[in-house]
Amino acid sequence: MNANLSLHVPQPPARPGEPADFSYLKLAPAGAAPRPLPTASIGETIDLAVSLIRVIDDEGQALGAWDPHLETVQLHKALRYMLVTRAMDDRVRRAQRGGQVSFYMQSMGEEAVSVAAAMALRPGDMLFPTYRNQGLHIARDRNPIDLMCQCLSNSHDMCKGRQMPVMYHWREGNIFSISGNLATQLPQAVGWAMASAIKREPHIACAWTGEGSTAEADFHHALTFASVYRAPVILNVVNNQWAISTFQGVAGGEHQTFAARGPGFGIPGLRVDGNDVLAVYAVTQWAAERARGGGGPTLIELVTYRAGPHSTSDDPSRYRPKDEWRAFPLGDPIVRLKNHLIWSGAWSAERHEALVKEIDNQIAETWKLAVSYGTLPESPLDPLTMFDDVFKERTPHLERQREQFMKLKG
Amino acid sequence: MNANLSLHVPQPPARPGEPADFSYLKLAPAGAAPRPLPTASIGETIDLAVSLIRVIDDEGQALGAWDPHLETVQLHKALRYMLVTRAMDDRVRRAQRGGQVSFYMQSMGEEAVSVAAAMALRPGDMLFPTYRNQGLHIARDRNPIDLMCQCLSNSHDMCKGRQMPVMYHWREGNIFSISGNLATQLPQAVGWAMASAIKREPHIACAWTGEGSTAEADFHHALTFASVYRAPVILNVVNNQWAISTFQGVAGGEHQTFAARGPGFGIPGLRVDGNDVLAVYAVTQWAAERARGGGGPTLIELVTYRAGPHSTSDDPSRYRPKDEWRAFPLGDPIVRLKNHLIWSGAWSAERHEALVKEIDNQIAETWKLAVSYGTLPESPLDPLTMFDDVFKERTPHLERQREQFMKLKG
Amino acid sequence: MPRMNMIQALNSAMDIAMQRDEGVIILGQDVGYFGGVFRCTDGLQKKYGEQRVIDTPIAEGGIIAAAIGMSVNGLRPVAEIQFADYIYPAYDQIVSELARLRYRSAGEFSAPITVRVPSGGGIRGGQTHSQSPEALFAHVCGVKVVMPSNPYDAKGLLTAAIEDDDPVIFFEPKRLYNGPFDADPDKPAVAWTAHSKGEVPAGHYTVPMGKAEIVRAGSAVTIITYGTLVHVVQAVVESTGIDAEIIDVRSIVPLDVETLATSVCKTGRCIVAHEATEFAGFGAELVATVQRECFWQLEAPIERVAGWDTPYPHAFEWEYFPGRKRIAAALEQVMAGT
Amino acid sequence: MPRMNMIQALNSAMDIAMQRDEGVIILGQDVGYFGGVFRCTDGLQKKYGEQRVIDTPIAEGGIIAAAIGMSVNGLRPVAEIQFADYIYPAYDQIVSELARLRYRSAGEFSAPITVRVPSGGGIRGGQTHSQSPEALFAHVCGVKVVMPSNPYDAKGLLTAAIEDDDPVIFFEPKRLYNGPFDADPDKPAVAWTAHSKGEVPAGHYTVPMGKAEIVRAGSAVTIITYGTLVHVVQAVVESTGIDAEIIDVRSIVPLDVETLATSVCKTGRCIVAHEATEFAGFGAELVATVQRECFWQLEAPIERVAGWDTPYPHAFEWEYFPGRKRIAAALEQVMAGT
Ligand SMILES: Cc1ncc(C[n+]2csc(CCOP(=O)(O)OP(=O)(O)O)c2C)c(N)n1
Ligand SMILES: Cc1ncc(C[n+]2csc(CCOP(=O)(O)OP(=O)(O)O)c2C)c(N)n1
Ligand SMILES: [Mg+2]
Ligand SMILES: [Mg+2]
């Protein structure tokens with residue numbers, strides 16, 4: 001027996017019934033973090049892996065070297081994208097209760113992570129999302145109806161009914177197909193970026209994963225390959241504090257930040273306020289410039305909070321305090337941007353209210369149209385297509401099974 | 001087209017025909033590295049991940065805070081263990097040419113890595129070796145004949161003829177079974193250590209891997225689980241500069257040390273002169289003390305050089321300069337210890353020569369005895385045992401196959 | 001006797017195993033405080049503490065590797081893989097390590113681990129929450145593979161698996177967690193309380209691995225199946241009135257060839273049915289074995305009914321599922337002997 | 001016509017593919033400067049540069065993942081896994097990603113990758129350098145699986161695989177790299193130069209996937225096999241004088257059922273032989289399919305000859321290998337119809 005030893009088990013700061021507590025979260029004031037050049041050496045970036053890059057402060061002011069000085073029209077756009085994302089999330093989430101869709105995963109509270117990054121990148125850059133990045137599609141101006149129809153498995157479903165809701169893809173918009181298997185997209189993004197370098201094309205790749213999923217092998221492979229070949233890729237870890245029921249400490253966030261994994265591979269790691277549109281935009285821009293200039297990969301940790309349940313199958317009140325989100329010190333990304341715009345004089349509470357209403361209406365209309373193409377329980381899709389796309393051409397074997405199926409259907 | 005981009009491909013410093021060049025290898029003078037307490041915070045250890053802990057200098061002097069001040073009898077032991085390991089390696093390697101064994105992997109040039117670590121640990125500590133750690137067995141006083149007989153697949157083969165040479169194990173000596181699949185032992189070692197903590201036992205686990213193998217998923221899992229549960233485990237990366245034909249840069253060693261992977265997980269990383277018995281002993285002792293005290297895991301990078309071919313199937317003259325080892329700035333671990341002993345007055349060239357001869361004779365004798373138990377081409381083992389140990393008891397299915405086999409053999 | 005659904009039966013097996021043997025520990029994603037996404041480990045952390053019911057990082061390979069190390073250090077881990085579809089990151093540790101450790105060390109080391117794997121479809125999970133990959137483990141020598149079809153067997157087999165000194169991959173057809181399922185998704189759900197196999201002893205017992213069960217005796221044809229399809233096949237047999245013998249394989253490795261062969265040699269006709277995809281699925285092994293054992297008794301080719309060789313499509317779940325229509329059609333064909 | 005061994009034939013296929021299509025690139029462990037541990041990529045880095053023949057870290061999962069990303073970006077990667085026994089760390093990327101990308105994206109994305117995998121035993125490689133895991137891929141819908149048995153097919157099939165728009169797992173029986181092998185390890189090695197299939201066109205050609213080859217026509221019995229055993233079976237047939245039809249499957253997915261069925265329906269007897277372990281191996285699928293297609297013509301049970309269901313033991317390689325004795329015994333049994 002050794003009294004010193006016992007298995008150390010990471011603990012969340014609070015469980016249901018206890019008051020929310022974010023004292024574990026290392027913060028930093030807006031504007032405090034220095035901004036090295038995108039060509040900086042790893043050494044010059046090392047502190048950024050453990051500090052927190054923030055631009056918008058609690059009053060809505062934009063501060064410091066990381067302020068990307070976006071034009072107002074850009075900020076209005078970002079606000080709209082985030083609101084559309086949230087409204088769509090809310091609409092489809094509710095439809096799950098009604099049985100029109102089987103399942104849903106919302107991104108509430110994390111909209112800035114996707115929207116600001118997409119805006120900081122170029123259309124030719126390839127995005128490798130996880131299931132909570134619907135904002136990427138929205139910020140690349142995809143009509144939300146496309147996403148809705150996928151969730152509904154209806155006649156306009158881009159996945160032809162084959163995939164669970166939210167497993168979108170968009171070839172034309174350069175957004176990769178989402179996998180149900182966590183983290184697999186990260187090393188694929190690195191491979192995509194390697195090909196870009198081999199072809200000497202200016203496009204870079206950008207991938208996202210949840211902090212919980214960094215424990216998967218793919219995260220390691222992504223860092224290794226990105227480091228070895230200095231691939232033009234941005235790897236984003238969305239640290240929303242939770243992975244289903246387990247706290248980010250169980251993923252390895254207790255003793256070190258996730259951004260800090262980068263420097264261990266010679267890759268800059270930037271820890272950023274994920275609810276701060278300006279900060280997310282700025283770090284993405286920095287990393288993109290670095291990659292495009294031949295400087296290789298960047299690892300970005302986005303500190304945010306999963307405001308909703310993990311999915312419609314989840315009940316977070318079983319494992320965390322009900323009001324945790326309200327106590328989250330980095331707030332709500334939409335409110336943060338709204339406040340910044342109001343502070344800068346380019347927005348008002350009234351205009352905001354009007355915009356919310358406009359978007360709500362628009363989403364309601366879009367949803368109506370989407371539903372008119374069918375819903376999961378009454379899917380108009382032809383099940384015969386289930387035998388397609390296993391291979392480019394159906395093999396004789398699949399042909400036989402298809403015939404068997406047709407015969408049986410009568 | 002983007003002229004800035006092209007795939008970065010790490011280059012070894014020299015290829016066949018070119019002069020050896022180790023200028024890439026960041027060195028440090030012996031005695032220079034500070035030694036924080038084993039209870040140190042991660043921050044206090046951070047520099048040790050990129051510097052180089054050395055004790056024995058080029059003149060054989062032991063210097064600095066890391067000197068473990070071993071008794072002479074211990075040093076004599078270490079020297080003997082290393083010499084036995086090398087002599088055995090040489091004997092079995094030669095036997096492969098004669099066809100008595102099918103294959104061999106020597107540890108020449110890396111003997112200190114195994115021998116010093118084993119000596120710094122306690123008998124109850126569990127070792128998870130890779131295939132180049134034969135020194136662990138030797139330093140735990142295993143009779144080399146056991147290892148020889150395994151290589152020979154003879155009647156004394158601990159593996160009953162089932163395994164290729166060098167895939168040893170030793171339950172009684174607390175040395176785990178070696179896997180042909182790289183790096184798998186690392187997270188297993190962490191699991192073993194977790195169990196030790198759960199049972200509140202004072203034993204720790206210690207594992208080894210080559211630097212090339214750190215690219216495997218298992219390395220990541222080991223670091224993650226070790227970090228999350230603060231497992232009492234030591235993870236060793238033997239950076240012998242090569243993984244078959246690929247230089248350590250291809251494994252991710254170009255932009256950062258391997259020890260530096262540790263701090264990214266909140267795990268101390270120590271980079272050590274792997275050819276310096278005293279330094280290896282000292283860092284292992286430090287890490288063991290830390291683990292036993294509840295301080296959790298340590299990652300150790302041992303800088304050494306694979307002096308021989310990867311295996312008997314390999315021909316390194318195809319991919320690296322022939323004389324690279326001779327140019328290796330950290331020398332030969334046996335010569336280093338010999339010089340240190342001579343410097344300290346506890347050894348002489350004559351005694352050394354006599355010892356080498358004694359061991360050579362002893363190994364020759366042992367080999368003779370080993371061969372008398374059979375060799376691979378004339379293995380005395382009963383092939384019927386091939387159906388055993390798939391499961392604890394043979395299943396009816398294996399029973400049937402075994403009968404079929406017997407019938408056919410007649 | 002208490003009545004349990006399959007979740008409760010599994011929970012009870014683990015509870016009793018932990019009570020009887022301090023070395024039994026549980027690890028997996030969300031298995032601890034939360035009690036598992038299917039709630040199979042509900043309450044166990046509270047009862048046995050965080051040192052024995054361990055929430056892990058999301059790394060299936062790490063979970064199995066850590067479990068191997070733990071078992072080498074004397075523990076008896078029960079690892080949960082959240083969905084069978086997510087077992088592949090652990091495949092190397094299972095195939096190259098878990099399955100091979102005893103052999104390669106000539107019996108000196110072994111890893112008595114149970115890997116619990118919720119599997120199968122019918123829950124609108126789409127292609128990444130519906131797979132039945134048992135064939136991918138059946139082909140791997142060194143691991144046992146079982147799949148219960150009801151709460152009684154689930155508890156008994158899980159207890160046997162945990163107590164077994166060999167590694168066991170334990171597939172749990174999740175569509176059966178809450179009740180038997182006859183392949184009609186529109187009918188009101190049936191509960192295990194209404195089923196005789198929902199009677200589960202509260203205490204310790206085992207169902208031995210390596211034994212198939214004759215679920216229904218019959219003389220006209222043998223239907224060999226396991227998992228969710230056991231219930232679908234029963235429904236088909238009831239509705240057609242054909243006097244079929246239904247065998248629940250239960251144990252894929254080791255396989256109870258004797259029970260299968262005795263039955264088919266008696267009936268002379270055979271259907272093999274499983275939910276997994278057909279091509280090179282475990283059904284092929286069943287067919288190959290049965291044709292060898294009963295060739296001279298067979299009066300018709302053995303038919304397979306299985307998942308189509310496509311991923312499990314979300315919207316066409318019931319067109320994909322090898323349901324009653326397909327089983328009935330195969331039955332008709334085998335009875336006609338064409 | 002030039003004469004090549006299998007290594008040269010594979011090298012030639014890659015050389016020509018790289019010449020014809022700038023998008024073809026090679027990646028894997030030791031494939032670049034060194035030219036591969038089996039020397040299959042010898043000289044290609046020198047010829048096509050480091051941007052197209054890439055030495056990778058030792059991470060099979062990373063290699064396949066990177067290749068997927070590359071292929072999505074328009075390249076056509078040929079990835080080498082150093083030994084089949086080391087493909088498992090890449091299993092998740094192959095099963096969940098490579099095989100499923102086209103389906104899940106309804107055809108918008110796909111990954112036309114060829115994964116070259118030296119496989120099989122007979123080279124004293126023990127349990128981790130001898131495996132034949134083709135069944136573990138045959139069961140995975142969405143990847144094609146092939147295994148040539150000679151230099152001509154190797155080059156033609158590899159060219160077809162690289163040009164194919166679907167992912168292909170390409171098994172190379174490494175015992176055949178340097179010459180055909182009739183299972184007598186003590187005989188002096190035979191070279192491909194002495195074999196008609198060692199005649200390999202210097203230029204571009206393909207052998208289509210999905211087509212089996214009748215290696216020897218016969219009427220008494222059909223022996224279905226592939227890989228190394230093709231040659232062993234030929235030797236047995238020659239020595240016994242039985243008029244067997246020998247079929248080299250070549251393409252495991254898609255499978256050429258027609259050729260198999262036509263032959264067995266004609267001969268009425270069948271043996272399936274492969275080097276992989278028997279239980280739930282690909283032989284089971286062959287048996288299940290053939291018994292379905294030729295039931296009424298079969299005059300004896302179909303026999304399987306395969307690796308024992310144990311790991312490949314180092315010292316007992318030739319007792320393990322499904323060699324001439326075992327094939328001859330099965331032949332005798334099938335001919336006797338017992
Ligand atoms: C390989 C794999 N293992 C397990 C799961 C089940 N699963 C789905 S989401 C999830 C939690 C992921 O957490 P995180 O990465 O933090 O992302 P978040 O949901 O917070 O956005 C788990 C365990 C999966 N989808 N894939
Ligand atoms: C999973 C796996 N992939 C590939 C191999 C083949 N292989 C054996 S040793 C080796 C090189 C390992 O290099 P390193 O880790 O640096 O160890 P070293 O040989 O230098 O001691 C490779 C690629 C293997 N054994 N296992
Ligand atoms: Mg999360
Ligand atoms: Mg090495």
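Owing to the predicted nature of the structure, the values given are computational and were not obtained by experimental measurement. Each chain gets a letter, A, B and so on, in the order the sequences are listed, and its residues count up from 1.
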Discussion item. I'd like to know whether Asp256(D) forms a side-chain contact (heavy atoms from CB on, under 4.5 Å) with Ser251(D), so could you lay out the CA-CA distance, the side-chain angles of the two residues, the decisive distance to 0.1 Å, and finally the verdict.
Written reply: CA-CA 7 Å; Asp256(D) 182 359; Ser251(D) 176; over 6 Å; no
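- Options Pro396(A), Ala231(A), Pro187(A), Ala197(A) differ in how many heavy-atom pairs under 4.5 Å they form with chain D, and the most are formed by Pro187(A).
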Fill in: Derivation of the side-chain contact (heavy atoms from CB on, under 4.5 Å) call for Thr209(A) and Asn236(A)
CA-CA 6 Å; Thr209(A) 186; Asn236(A) 292 287; over 6 Å; no
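- Contacts between Gln93(D) and chain A at a heavy-atom distance below 4.5 Å involve the side chain alone, from C-beta outward.
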Worksheet entry | Stepwise side chain to side chain donor-acceptor pair (under 3.5 Å) check, Arg402(A) with His397(A) | CA-CA 9 Å; Arg402(A) 189 166 175 272; His397(A) 179 74; over 6 Å; no
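- Looking only at heavy-atom pairs under 4.5 Å with chain A, the residue among Glu97(D), Glu22(D), Arg52(D), Gln51(D) that has the most is Glu97(D).
- Distance alone, capped at 3.5 Å, is enough to place a donor-acceptor pair between the Thr41(D) side chain and the Gly35(D) backbone.
- The side-chain tip of Arg102(D) does not point at the ring of Phe391(A) from less than 6.0 angstrom away and within 45° of straight on.
- Residue Val72(D) touches chain A through both its backbone and its side chain, counting heavy-atom pairs closer than 4.5 Å.
- Between the side chains of Thr184(A) and Asn181(A), no donor-acceptor pair is found at a separation under 3.5 Å.
- No part of Tyr168(A) comes within reach of chain D, as not one of its non-hydrogen atoms sits under 4.5 angstrom from that chain.
- For His220(A) and Phe265(A), the ring centers are positioned less than 6.0 Å apart.
- Using a 30° and 60° split on the angle between ring planes, Tyr373(A) and His156(A) fall in the parallel class, below 30°.
- Per-residue heavy-atom pair counts under 4.5 Å with chain D were compared for Thr224(A), Thr395(A), Ile198(A), and the maximum is reached by Ile198(A).
- Using a 4.5 Å cut-off between heavy atoms, Val253(D) contacts chain A through its side chain alone, with no backbone atom that close.
- Between chain D and the residues Val228(A), Asp218(A), Leu398(A), the most heavy-atom pairs under 4.5 angstrom are made by Asp218(A).
- Not less than 6.0 angstrom separates the ring centroid of Tyr131(A) from the ring centroid of Tyr104(A).
- For chain D, no part of Leu186(A) is nearby; none of its heavy atoms comes within less than 4.5 Å.
- With a 4.5 angstrom heavy-atom cutoff, Met386(A) touches chain D via backbone and side-chain atoms both.
- At a 4.5 Å heavy-atom cutoff, the contact between Ala59(D) and chain A is made by backbone and side-chain atoms alike.
- Both the backbone and the side chain of Thr56(D) come within less than 4.5 Å of a heavy atom in chain A.
- If you tally non-hydrogen atom pairs under 4.5 Å between each of Ile64(D), Leu255(D), Leu27(D), Ile63(D) and chain A, the highest count goes to Ile63(D).
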